[in-house]
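Order of appearance sets the numbers: ligands from 1, and atoms from 1 within every ligand.
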Amino acid sequence: GARDELGAYIAKPETYATDVVVYHNDDFVAIHDMFPKSSLHLLLLPRDQTKTRMHPFDAFEDAEFLEKVKAETQTLRNLAAGELRRKYGKDSTQEQARQAALSADPPPDELPQGRDWEQDIVVGVHAVPSMNHLHVHILSVDRYSDRLKHRKHYNSFSTPFFVPIEDFPLAEDDVRRDPTKQGYLKQDFTCWRCSRGFGNRFAELKQHLEQEFKEWKKL
Ligand code: 5GP
Ligand code: ZN
């Protein structure tokens, strides 16, 4: 069924073009999310057959496995940051200074630091995944996408329903273990960037997200 569709990427990653499968190795497949909820949205799929059908909270109880996944998400975070730099970096003042220094003759010994795009990437899992195969989201913070069409889309990436990979292993009594009780998806909207509240006014939130996106990428 539809909930099993991520399985195909794990089974035969080599059959996809690079705009679908970003890379694959023996243990992981990295893909582009088909319905991105941010301007950049990737998924990391562990290929371990004993884990792929597990809920992330259970799969990550295995400390060795968790460390492996964390290490791989770091690789992907880095790759995603590079992609943001390529997409948006040219506009930023820091990047302009960096480019100018790079092309100077002779170039300076120390290059100005570019913007650290890794800080603009979030990595984590949904407390209640909709797709059956274990996957980790790697996405830019903007939540700016045509595919972000429903209230729950925004809140699933902007409330504790989204559990950052850094937070694992979860404590025994972590409230996020019982996500339905918390009503995260029905919560009032809060802008990820300026914390402004939008009640349940989705259209207004969407307009605001576009403004924030423009400012964020130029920062
Ligand atoms: P979940 O809510 O399960 O954590 O997220 C599943 C993700 O998989 C969603 O972001 C959704 O857009 C994405 N997705 C659903 N079906 C497909 C598919 O067939 N291919 C790809 N590449 N992504 C998919
Ligand atoms: Zn805002």
Side-chain angles (χ1 to χ4, degrees), residues 1-13 15-24 28-47 51-60 69 73 76 80 120-165 168 176 179-180 184-185 188-199 201-219:
R3 290 179 187 275
D4 279 328
E5 256 147 42
L6 298 182
Y9 302 103
I10 307 174
K12 289 186 183 245
T15 61
Y16 295 88
T18 51
D19 61 342
V20 179
V21 169
V22 181
Y23 71 81
H24 61 95
F28 297 96
V29 181
I31 64 174
H32 284 278
D33 194 294
M34 196 181 270
F35 313 100
K37 307 307 187 299
S38 267
S39 68
L40 180 66
H41 189 173
L42 306 174
L43 300 173
L44 179 68
L45 311 171
R47 302 180 81 178
K51 298 287 194 294
T52 187
R53 292 274 174 181
M54 288 175 85
H55 187 284
F57 293 0
D58 298 325
F60 297 159
V69 172
T73 61
L76 213 41
D120 293 300
I121 308 281
V122 289
V123 178
V125 297
H126 281 151
V128 185
S130 60
M131 298 300 272
N132 289 333
H133 293 82
L134 183 61
H135 54 278
V136 182
H137 296 268
I138 293 96
L139 66 163
S140 50
V141 283
D142 51 271
R143 285 93 162 173
Y144 178 67
S145 169
D146 291 345
R147 296 292 191 170
L148 199 146
K149 290 178 178 168
H150 303 290
R151 292 154 194 279
K152 65 173 183 175
H153 287 160
Y154 183 76
N155 276 347
S156 74
F157 288 103
S158 312
T159 68
F161 190 86
F162 186 81
V163 185
I165 192 80
F168 289 95
R176 292 169 295 184
T180 43
Y184 295 131
L185 298 182
D188 280 357
F189 301 125
T190 303
C191 173
W192 65 272
R193 192 154 181 256
C194 70
S195 302
R196 208 166 116 190
F198 287 86
R201 301 182 305 280
F202 190 62
E204 222 178 290
L205 171 74
K206 285 283 288 180
Q207 270 181 4
H208 182 74
L209 289 175
E210 182 170 6
Q211 286 309 118
E212 290 288 32
F213 172 66
K214 287 176 181 162
E215 286 171 38
W216 162 79
K217 68 176 178 168
K218 281 191 300 210
L219 198 98

(request) Give the residue and atom name of whichever protein heavy atom lies nearest to atom 20 (N) of ligand 1, and the separation in Å to one decimal. (result) Y9 OH, 2.7 Å

(message) Below 30° counts as parallel, above 60° as perpendicular, anything between as tilted: where do the rings of F189 and Y154 land?
(response) perpendicular

(request) Quick one: look up the protein heavy atom nearest atom 14 (N) of ligand 1 and list residue, atom name and how far away it is. (result) F35 CD1, 4.0 Å

(message) So if I count the atoms of ligand 1 from 1 in the order they appear, which ones are less than 4.0 Å from some heavy atom of H32?
(response) 22 (N)

(request) Could you find the nearest protein heavy atom to atom 7 (C) of ligand 1 and give me its residue, atom name and distance? (result) D33 OD2, 3.4 Å

(request) Determine yes or no for a side-chain-to-main-chain donor-acceptor pair under 3.5 angstrom, with S158 supplying the side chain and W192 the backbone. (result) no

(message) For the CD atom of E212 and the CG atom of L219, what is their distance to the nearest 0.5 Å?
(response) 10.5 Å

(message) Could you check whether atom CZ of R3 has more than 12 heavy atoms from other residues, nucleotides or ligands sitting under 6.0 Å from it?
(response) no

(message) For atom 1 (P) of ligand 1, tell me which residue out of H153, K37, R3, H135 has the closest non-hydrogen atom.
(response) H135

(request) Starting from atom 16 (N) of ligand 1, find the nearest protein heavy-atom neighbour and note its residue, name and distance. (result) M131 CE, 3.3 Å

(request) For ligand 1, indicate whether the residue V125 contacts it via side chain, backbone, both or neither (heavy-atom separation under 4.0 Å). (result) neither

(message) Can you check which of S130, S38, P56 brings a heavy atom nearest to atom 3 (O) of ligand 1?
(response) S130

(request) Indicate, as side chain, backbone, both or neither, the part of H41 found under 4.0 angstrom from ligand 1 when only non-hydrogen atoms are considered. (result) side chain

(message) Looking at S39, is its backbone amide N or carbonyl O close enough to the side chain of D142 to form a donor-acceptor pair, meaning the two atoms are under 3.5 Å apart?
(response) yes

(request) Sort by chain and number the protein N/O/S atoms that are closer than 2.8 Å to the Zn ion (ligand 2), and list them. (result) C191 SG, C194 SG, H208 NE2, E212 OE2

